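Just follow the structure's listing: the first ligand is 1, and inside any ligand the first atom is 1. Just so we're clear, the structure is a prediction, and the values are computed from it rather than from any experiment.
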Amino acid sequence: PPVIQTSNISKVYRMGTEEIHALRSVTISIKRGEYVAFMGPSGSGKSTLMNIVGCLDTPTTGQYILNGKDVSRMTDNQLADVRNREIGFVFQTFNLLPRATALDNVALPLIYAGYSKSEREERAMESLRSVGLHDRSKHKPNELSGGQRQRVAIARALVNNPSVLLADEPTGALDSKTSYEIMELFEALYARGNTIIMVTHEEDIARYAHRIVRLRDGEIETDQPNHDVRAHK
Ligand code: ADP
Ligand code: ADP
């Protein structure tokens with residue numbers, strides 16, 4: 001069974017008397033281990049779809065099954081619970097705690113998962129190692145480069161072994177060389193079996209994904225395997 005299965009999901013925002021159809025009958029299925037880019041111009045519905053897939057929001061109509069669970073009609077509390085266990089988020093602006101070390105930032109999600117301090121530190125260190133930053137564990141965000149900060153954010157996203165890594169414009173705040181390094185890391189995570197969904201409006205970045213879904217006006221315009229995955233090194 002797929003990790004992600006949406007069936008005819010729509011999202012309607014009501015603004016006074018106006019209705020905005022942000023998503024119109026979107027059906028998409030993503031298997032474990034896929035690396036997918038959601039592309040599309042501004043206003044095409046990427047954020048809305050990402051928010052639903054990431055359990056930050058629910059569709060107005062239609063069904064969303066995440067790992068066999070129907071999350072489309074869950075309460076906010078149930079949704080938060082599923083989100084914390086199943087989804088690892090990476091954002092354009094990293095969203096790290098400025099006063100906490102890299103290790104403490106990465107360990108943070110494990111507090112809610114109920115691990116002891118030593119278990120948290122061990123797992124956080126392991127996750128930092130997996131992104132090549134175990135030698136920066138004591139550094140605070142402002143003592144790290146942009147690319148290193150994003151690596152810390154990726155280590156934090158992965159520390160709970162989520163079903164899906166959901167990255168919203170992960171290279172949006174990085175220069176092209178650093179973006180390339182982050183895309184190399186994503187390729188390595190893909191090779192290790194992680195399921196990755198990346199939201200981007202940049203063609204150059206989408207080219208790294210192995211499947212590209214293009215949205216337009218709230219609908220899937222195309223959904224195709226990328227046979228021309230951008231070469232690495
Ligand atoms: P994208 O991420 O591709 O730029 P969005 O999903 O943010 O697209 O937006 C899709 C459409 O829904 C746009 O017309 C946008 O203005 C509208 N929209 C998004 N969020 C809201 C909201 N909270 N309230 C009202 N309209 C919204
Ligand atoms: P944008 O793509 O519009 O710049 P973000 O990437 O910051 O916005 O966030 C995308 C979505 O994720 C938004 O709905 C936002 O509310 C939510 N979000 C942002 N940061 C966090 C966070 N640390 N934890 C949970 N949800 C977040």
Under 3.5 Å, is there a donor-acceptor pair between the S163 and E86 side chains? yes

My understanding is that only residues two or more places apart in sequence, or in another chain, count here; which of them pass salt bridge (Lys or Arg N to Asp or Glu O under 4.0 Å) with R24? none

Using atom types as modelled and distance alone, determine if a side-chain donor or acceptor of N226 lies under 3.5 Å from a backbone N or O of A209. yes

If we ignore angles and hydrogens, is there a donor and acceptor under 3.5 Å between the side chains of S29 and Q5? yes

Pocket residues of ligand 1, ordered first by chain and then by residue number (heavy-atom cut-off under 4.0 Å): Y13, M15, I20, A22, P41, S42, G43, S44, G45, K46, S47, T48

With the threshold set at 4.0 Å, does a side-chain nitrogen-carboxylate oxygen contact exist between R211 and D223? yes

Looking at side-chain heavy atoms only, is the closest gap between M183 and P170 below 4.5 Å? yes

